[in-house]
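Below you'll find the structure, written out as structure tokens, and then a few comments.
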Amino acid sequence: GDTWPITDTRLIGLASIVAEVEDRSVIQTVIDTARPIPESIPAEPAMVQTALADARARSPKPTPAQADILACLEAAQLLPLGQGLSFEAARFAERARDPQSRLLRHAAFIEDSARHRAPSLSQTPGPVTNVVVMGRSSETADLAAMGLEQGYRVWIEAGSTHMGRALAELARKRLRPPHRSSREVEARLDVDLTGAEMEDADLIFDTAELTPDPPVTLKKGGVWIVTSPDITAADRAREVHVTGRILRMRRLLRASRVVELSAPPETEESALITAHAALSLEGQSVILTRDAPGGLLGALFCALSRAAIVMLAAGKQPSEIEQAARQIGLRQGPLQMIDVLGAGRTLSQMRRLYESRDASLAALRLLSDRMSDVSEGDEARARRALVFHAPAGQSFARDPDLIPWLAEWREDHPDRCLAWPDVGLEQAMLAALVSEAARLMQASVVQSASDIDLAAQKGLWMDPRHGGPLIQADLKGLLSISGTLTQLQNVDPAVWRREELIVDMVKNGRLFF
């Protein structure tokens with residue numbers, strides 16, 4: 001939480017004595033300060049016990065830290081002051097040594113670190129009230145829903161009234177509860193019928209599917225955010241005649257609670273500050289990155305997806321791969337993530353990323369062949385197809401046809417099915433993420449290792465109780481990760497390369513955190 005000075009008026013009534021600790025221990029200072037207070041404080045034990053019982057009923061399986069809090073509250077009612085404080089100190093020391101506690105504290109630390117790496121506070125963010133989303137795809141509806149949930153007035157500019165109204169209706173359906181049934185939220189969504197709203201927008205989200213003609217005159221203090229992966233912010237700035245006020249935003253999925261924000265060198269600091277503040281609401285974290293192919297989250301997702309595809313080609317079972325992902329804390333395995341994101345979008349992301357690195361695309365053949373077969377060659381249908389799960393509806397039951405299809409594919413393409421070394425899939429998946437993280441850090445795509453773990457936890461849904469890939473690497477030992485990469489580097493160096501950063505860290509005994 002935030003730190004308040006003891007002089008803050010909000011703390012009036014919460015303390016009757018303030019003691020300064022000098023050379024003595026905190027516990028002894030508290031005991032000495034509280035000695036004049038009668039041992040029998042006129043509390044109401046029955047009320048405290050009722051509250052504790054209610055808390056335990058609401059959390060029948062508390063975390064160790066939650067259980068400690070309840071135990072300390074109970075001890076405060078039953079033990080003398082000195083013994084109660086000693087009891088609390090012992091619990092604190094035990095919890096500080098607990099690995100799960102360390103991981104949960106790490107989760108809080110990385111989110112706090114991202115907030116503190118926000119742009120300079122020497123300027124005040126510009127006000128954001130009116131938001132325009134410009135585009136014709138479902139992403140337009142997603143961005144409109146995000147703007148509504150952030151509390152903004154949102155207009156959709158889709159090039160036609162009919163398309164705009166259809167996307168507005170889709171945006172309403174994609175709102176999260178309780179926003180979905182709120183009349184106040186619905187009243188803040190409209191369609192820009194004349195283009196005039198773009199001239200008054202504080203923030204414009206641009207999917208690059210439309211180009212305004214004539215160009216829009218950006219409002220003074222307004223910010224233009226391009227979301228398309230197919231064009232850089234600098235190139236789009238030239239197309240729409242916006243200079244100094246345009247940024248790139250990346251978001252892997254609508255449900256992700258993290259966005260990446262990158263800015264060309266010529267971007268005004270006030271634009272970056274305004275965009276950062278506008279996107280940092282309602283539990284959504286903003287990570288500042290350098291604009292690079294794939295971005296941060298996209299690159300981590302591609303590493304996981306490519307690793308899974310290589311494992312399938314090597315004869316590993318889909319259930320083994322998904323279980324290995326869960327063992328390192330992923331709430332969804334990579335095969336399910338591919339179907340959630342869409343096989344076509346996943347394949348496009350991987351091709352774009354690995355082409356930019358001059359890496360082989362041969363490993364992606366399995367995915368493209370599977371897309372073609374499940375959609376019977378229909379390219380439009382292939383882009384939308386669920387390729388590893390049941391293709392009907394949105395069910396994620398495993399497709400019963402997948403295992404025989406994989407066996408036949410491996411038989412037809414023996415040259416693409418490299419032998420898998422004696423490496424566990426869980427270790428291999430973690431090593432793929434650590435290798436990718438090292439590449440991103442070497443290329444200065446991220447400012448800190450904590451950005452990697454935050455992106456993994458909020459964008460790939462890694463359970464904070466397991467920690468992100470880099471804190472896991474620290475706990476397991478980088479020497480072990482390095483050994484895994486050495487074993488797997490010949491299987492697919494695009495995924496399991498032992499980067500120089502890792503070699504250097506092992507040599508010098510360094511950790512990520």
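One is the number of the first residue; the rest follow in order along the sequence.
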For the side chain of [X] and the backbone of [Y], is there at least one donor-acceptor N/O pair under 3.5 Å apart?
| X | Y | result |
| --- | --- | --- |
| Ser160 | Met163 | yes |
| Glu111 | Ser285 | no |
| Thr274 | Ser270 | yes |
| Ser435 | Ala432 | no |
| Glu157 | Val191 | no |
| Ser448 | Ser450 | yes |
| Glu322 | Ala324 | no |
| Asp453 | Ile471 | yes |
| Ser372 | Ser368 | no |
| Ser228 | Asp230 | yes |

Does any part of the side chain of [Y], heavy atoms only, come nearer than 4.5 Å to the side chain of [X], both counted from C-beta?
| X | Y | result |
| --- | --- | --- |
| Leu406 | Leu366 | yes |
| Trp409 | Arg365 | yes |
| Leu304 | Leu330 | yes |
| Ile328 | His466 | no |
| Met198 | Trp155 | no |
| Thr346 | Met337 | no |
| Lys476 | Leu430 | yes |
| Pro264 | Asp291 | no |

Going by salt bridge (Lys or Arg N to Asp or Glu O under 4.0 Å), name the residues that satisfy it together with Glu260, two or more places apart in sequence or in a different chain. none

Pairs satisfying salt bridge (Lys or Arg N to Asp or Glu O under 4.0 Å), at least one member in residues 429-440, at least two apart: Arg357-Glu436, Glu436-Arg439, Arg439-Glu499

Enumerate the residue pairs fulfilling salt bridge (Lys or Arg N to Asp or Glu O under 4.0 Å) with a member in residues 461-470, sequence neighbours excluded, ordered by first and then second residue. Arg331-Asp463, Asp463-Arg465

Minimum heavy-atom distance between [X] and [Y], given as atom pair plus value:
| X | Y | value |
| --- | --- | --- |
| Leu189 | Ala144 | CD1-CB, 4.5 Å |
| Ala201 | Val132 | CB-CG2, 3.8 Å |
| Ala145 | Ala171 | CB-O, 3.7 Å |
| Ala292 | Arg250 | O-NH2, 2.9 Å |
| Ala428 | Met311 | CB-CE, 3.8 Å |

Could you state the interatomic distance from [atom1] ([X]) to [atom2] ([Y]), rounded to the nearest 0.5 Å?
| X | Y | atom1 | atom2 | result |
| --- | --- | --- | --- | --- |
| Gln457 | Arg257 | CD | CZ | 15.5 Å |
| Ile502 | Arg510 | CD1 | CZ | 11.5 Å |
| Thr289 | Leu440 | OG1 | CG | 9.5 Å |
| Gln332 | Leu253 | CD | CG | 8.0 Å |
| Gln327 | Met429 | CD | CE | 11.0 Å |
| His276 | Leu247 | NE2 | CG | 11.0 Å |

Given the rule in the side-chain contact (heavy atoms from CB on, under 4.5 Å) test, do Arg290 and Val446 qualify, once you have shown the distances and angles that lead to the verdict? CA-CA 7 Å; Arg290 184 177 68 81; Val446 293; over 6 Å; no

Does the distance from a Lys or Arg side-chain N to an Asp or Glu carboxylate O, for [X] and [Y], drop under 4.0 Å?
| X | Y | answer |
| --- | --- | --- |
| Arg370 | Asp401 | yes |
| Arg251 | Asp142 | no |
| Arg497 | Asp492 | no |
| Glu169 | Arg172 | yes |

Please enumerate all residues that pass ring pair (Phe, Tyr, Trp, His ring centres under 6.0 Å) together with His106, with sequence neighbours excluded. Phe513

More than 12 heavy atoms of other groups within 6.0 Å of Glu500 CD: no

Taking atom CZ of Arg102 as the centre, does the number of heavy atoms from other residues, nucleotides or ligands within less than 6.0 Å exceed 12? no

Given the rule in the side-chain contact (heavy atoms from CB on, under 4.5 Å) test, do Ser256 and Gln284 qualify, once you have shown the distances and angles that lead to the verdict? CA-CA 8 Å; Ser256 298; Gln284 181 165 274; over 6 Å; no

Less than 3.5 Å apart, any donor N or O on the side chain of [X] or [Y] sitting next to an acceptor on the other?
| X | Y | answer |
| --- | --- | --- |
| Thr227 | Glu139 | yes |
| Thr207 | Glu209 | yes |
| Asp399 | His389 | no |
| Arg165 | Thr161 | no |

side-chain hydrogen bond (donor to acceptor under 3.5 Å, both in side chains) between Asp235 and Thr232, intermediate numbers included: CA-CA 5 Å; Asp235 288 343; Thr232 67; 3.2 Å; yes

Sequence neighbours excluded and cut-off under 3.5 Å, please list the side-chain donor-acceptor pairs for residues 210-225, or say none.
| from | atom 1 | to | atom 2 | distance (Å) |
| --- | --- | --- | --- | --- |
| Thr211 | OG1 | Arg236 | NH1 | 3.1 |
| Lys219 | NZ | Asp202 | OD1 | 2.7 |
| Trp224 | NE1 | Asp206 | OD2 | 3.0 |

For Trp496, is the NZ or CZ atom of Arg498 found under 6.0 angstrom from the centre of its six-membered ring and inside 45 degrees of the ring axis? no

Using the ring of Tyr152 (Phe, Tyr or Trp, six-membered ring only), decide whether Arg188 places NZ or CZ under 6.0 Å from its centre and within 45 degrees of its axis. no

Take Leu296 and Ile452, measure what side-chain contact (heavy atoms from CB on, under 4.5 Å) needs, and give me the verdict at the end. CA-CA 8 Å; Leu296 164 56; Ile452 303 284; 3.6 Å; yes

If you apply the rule side-chain contact (heavy atoms from CB on, under 4.5 Å), what do you find for Leu288 with Gln447, and how did you get there? CA-CA 8 Å; Leu288 300 178; Gln447 300 181 54; 3.3 Å; yes

Begin from the C-alpha positions of Arg105 and Ser101 and carry the test side-chain hydrogen bond (donor to acceptor under 3.5 Å, both in side chains) through to its verdict. CA-CA 6 Å; Arg105 282 183 277 124; Ser101 173; 3.2 Å; yes

Return the set of residues passing side-chain hydrogen bond (donor to acceptor under 3.5 Å, both in side chains) with Ser262 (not counting sequence neighbours), or none when no residue passes. none

